[in-house]
Amino acid sequence: MKIHSLFLLFPFFGLSQTVEVKYYNNQIFKSDQIVEYIPKEIKPNYAQNHYSYTLINSNNISVFKNDKIVEISLENDTINEIELYEIFGDKHIVVEEKNTKPFDYSSKESLILKDFNSKTLEFERKLESKVIVKDSLINWEWKPIKGTEEILGYKCKKAITNKYGSIKTAYYTEEIPISDGPFNHTGLPGLILKISSEKNEIIAYEIHKKKENIQIEKPTFEGKKLTLKELEKEINKLNNKYQIEFDNKIKNQ
């Protein structure tokens with residue numbers, strides 16, 4: 001038996017309680033060089049703890065969504081933004097100035113519904129246009145690892161996954177036995193309070209608990225619907241398109 005299969009023995013915990021968690025989603029830069037190239041007009045958009053999200057879980061239903069985004073006002077409708085291309089980590093950076101629209105805040109928006117009764121996941125995703133993804137809850141294939149960390153007074157155990165080719169470490173607490181977490185992360189025997197990867201860190205900064213369940217209003221999703229596998233195909237198509245555009249820019253320099 002593989003060690004990560006142990007987590008499959010833990011069903012969603014049907015306790016009578018409501019949990020609300022607030023998380024920050026912070027981007028991690030590999031080097032100060034990248035930060036230096038960000039125009040000062042939009043640099044606050046990359047500040048730590050700028051983007052906040054709320055997870056509310058009750059009666060086997062959870063909704064995760066972004067809090068109000070504080071937009072940075074600009075004097076002009078357009079700014080001279082620097083586009084950064086990153087190849088194979090930080091080995092090569094191409095800097096190109098271009099006239100573009102202000103920062104795209106829609107990339108920071110999130111609305112995710114997890115139904116643990118039907119074991120389904122539904123969320124919005126922006127590609128070139130908005131799509132709706134509906135599928136089964138993701139099996140993240142978590143593997144427990146050694147080490148603990150205290151977050152907001154809760155002792156957290158650690159688990160890692162390489163799902164979708166990205167290594168992520170989850171910090172979860174069995175003191176809140178709810179198999180839920182930020183964004184579309186689930187599947188551990190306790191609430192996930194932190195997710196860290198090479199480029200991002202999602203960390204809880206507030207937790208509120210009630211002993212009784214509440215009725216969570218499920219969001220209504222409208223738009224073109226895809227499965228997770230179909231979404232992956234669409235993302236690969238876009239990545240190939242962007243790679244071709246990038247290669248052409250390199251050739252023309």
Side-chain angles (χ1 to χ4, degrees), residues 25-48 50-51 53 66 69-112 121 123-135 138 140 161-168 183-185 195-202 221-253:
N25 182 18
N26 292 320
Q27 188 170 351
I28 297 174
F29 295 100
K30 294 181 180 179
S31 71
D32 294 336
Q33 184 182 10
I34 295 178
V35 179
E36 290 174 2
Y37 281 126
I38 298 174
K40 64 180 181 180
E41 295 93 340
I42 62 170
K43 190 168 287 188
N45 292 313
Y46 296 91
Q48 297 294 289
H50 186 67
Y51 300 103
Y53 299 79
N66 60 280
I69 297 175
V70 180
E71 299 187 9
I72 307 301
S73 60
L74 301 171
E75 294 181 0
N76 304 317
D77 292 335
T78 59
I79 59 175
N80 198 35
E81 184 178 356
I82 294 178
E83 184 173 341
L84 301 175
Y85 297 98
E86 190 176 338
I87 309 176
F88 306 119
D90 285 330
K91 293 182 180 179
H92 181 62
I93 297 177
V94 178
V95 180
E96 174 188 349
E97 293 189 358
K98 65 175 185 177
N99 200 31
T100 184
K101 294 181 179 179
F103 190 85
D104 182 11
Y105 290 97
S106 64
S107 64
K108 302 300 181 180
E109 296 173 352
S110 184
L111 181 60
I112 301 172
L121 170 74
F123 60 93
E124 296 176 345
R125 177 67 186 265
K126 182 182 178 183
L127 299 176
E128 290 185 317
S129 60
K130 185 180 74 173
V131 298
I132 306 302
V133 180
K134 186 172 184 179
D135 212 320
I138 298 172
W140 286 97
T161 181
N162 193 29
K163 190 79 170 181
Y164 303 120
S166 175
I167 298 175
K168 295 182 179 182
F183 290 93
N184 50 20
H185 300 99
I195 295 279
S196 63
S197 64
E198 186 179 27
K199 296 183 178 181
N200 280 85
E201 180 182 83
I202 308 160
F221 296 94
E222 296 182 357
K224 179 182 178 181
K225 293 198 173 182
L226 302 174
T227 63
L228 287 167
K229 185 170 288 188
E230 289 170 339
L231 174 65
E232 188 175 2
K233 289 181 180 179
E234 291 296 320
I235 291 174
N236 288 335
K237 286 181 183 178
L238 284 177
N239 286 339
N240 290 334
K241 174 185 174 182
Y242 296 149
Q243 184 64 51
I244 292 172
E245 292 176 354
F246 172 77
D247 291 341
N248 289 335
K249 288 182 179 181
I250 295 295
K251 291 177 182 178
N252 293 331
Q253 284 188 351

*Between atom CG of N184 and atom CG of L121, what is the distance when rounded to the nearest 0.5 Å?*
5.5 Å
*Can E128 and K241 be counted as an ion pair, charged N to O under 4.0 angstrom?*
yes
*Which distance, rounded to the nearest 0.5 Å, do you find between the OG of S110 and the CD1 of I69?*
9.5 Å
*What pairs of residues pass the salt bridge (Lys or Arg N to Asp or Glu O under 4.0 Å) test when at least one of them lies in residues 224-236, not counting sequence neighbours?*
E122-K225, E234-K237
*Is there side-chain contact between I235 and R125, with heavy atoms separated by less than 4.5 Å?*
yes
_Tell me every residue that passes salt bridge (charged side-chain N to carboxylate O under 4.0 Å, His left out) with E222, counting only those two or more places apart in sequence or in another chain._
none
*Answer yes or no: does atom CD of E198 have more than 12 heavy-atom neighbours from other residues, nucleotides or ligands under 6.0 Å?*
no
*asked:* With a 6.0 Å cut-off (strictly less than), is the heavy-atom count around CD1 of I28, excluding the residue itself, greater than 12?
replied: yes
*Inspect the surroundings of NZ in K134 and state if more than 12 heavy atoms from other residues, nucleotides or ligands are less than 6.0 Å away.*
no
*Sidechain-backbone polar pair: Y51 side chain, Y46 backbone, donor-acceptor under 3.5 Å*: no
*Atom pair OG/NZ of S166 and K163 - distance to nearest 0.5 Å*: 13.0 Å
*Between T227 and D135, which heavy-atom pair has the shortest distance, and what is it?*
CB-OD2, 3.4 Å
*Who are the ring pair (Phe, Tyr, Trp, His ring centres under 6.0 Å) partners of Y53, not counting sequence neighbours?*
F64, F183
*For the atom pair CD1 (I202) and NZ (K168), what is the distance rounded to the nearest 0.5 Å?*
6.5 Å
*Using distance alone, with no hydrogens and no angle criterion, decide if D247 and Q243 have a side-chain donor and acceptor under 3.5 Å apart.*
yes
*asked:* Using every non-hydrogen atom in the two residues, find where I167 and S197 come nearest and quote the distance to one decimal.
replied: O-CB, 3.6 Å
*Would you say the side chain of W140 lies within less than 4.5 Å of the side chain of Y164, judging by non-hydrogen atoms?*
yes
*Hey, are the side chains of L127 and L231 touching, using non-hydrogen atoms and a 4.5 Å cut-off?*
yes
*Between the side chains of H50 and K108, does any donor sit under 3.5 Å from an acceptor?*
no
